[in-house]
Amino acid sequence: VHVFSLASGLLYERFLKIMMQSVLERTSRRIKFWLLKNFLSPAFIGFLPHMAQSLGFEYELVQYQWPEWLHKQTNKQRIIWGYKILFLDVMFPLSVR
């Protein structure tokens, strides 16, 4: 099972940890989390390998720049919304089934 997510701040990183634990508690299938690295804090990125080993999941951090073919956004919330859409449409690896 592949799960993608984006966390934009410490509060949302806390929610992301809760969501990840909840997903793992409710399934016996292998889980791989795809996380957008652009907005994750260094502390969360450092904690992630320990959490993955402890709870038994895979993860991958994905990072990319704003596409040149889209108008550049200055409002952080609009940038985050754009990344959420682009994560699936443009960046999510095509090899994932």
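For reference, positions follow the sequence shown, starting with 1. In this text the structure is predicted, and so the values were computed from the model without any measurement. Worth knowing before you read on, the calculation uses all heavy atoms, side chains too, and leaves out hydrogens, waters and symmetry mates.
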For residues M20 and L61: do they belong to one hydrophobic cluster (side chain heavy atoms under 4.5 Å, members Ile, Leu, Val, Met, Phe, Trp, Tyr)?
yes

Looking at Y12, I want to see if its OH is surrounded by more than 12 non-hydrogen atoms of other residues, nucleotides or ligands under 6.0 Å.
no

Do any side-chain atoms of residues 42-55 form donor-acceptor pairs under 3.5 angstrom with protein atoms, and if so which ones, sequence neighbours left out?
none

Do F33 and V23 touch side chain to side chain, with heavy atoms closer than 4.5 Å?
yes

What verdict does the side chain to side chain contact (heavy atoms under 4.5 Å, CB included) test give for F57 and L24, after you've listed the backbone C-alpha separation in whole Å, the side-chain angles of each residue and the deciding distance to 0.1 Å?
CA-CA 8 Å; F57 65 85; L24 293 164; 3.4 Å; yes

With a cutoff of under 4.5 Å between side-chain heavy atoms, which Ile, Leu, Val, Met, Phe, Trp and Tyr residues group with I18?
none

How long is the span from the CG atom in L40 to the OG atom in S8, to the nearest 0.5 Å?
9.5 Å

I need the full list of salt bridge (charged side-chain N to carboxylate O under 4.0 Å, His left out) pairs touching residues 7-34, with sequence neighbours left out, sorted by first then second residue.
R30-E58, K32-E60

Are F15 and F4 co-members of a hydrophobic cluster defined by side-chain heavy atoms under 4.5 Å apart?
no

L35 versus L16: any side-chain heavy-atom pair under 4.5 Å?
yes

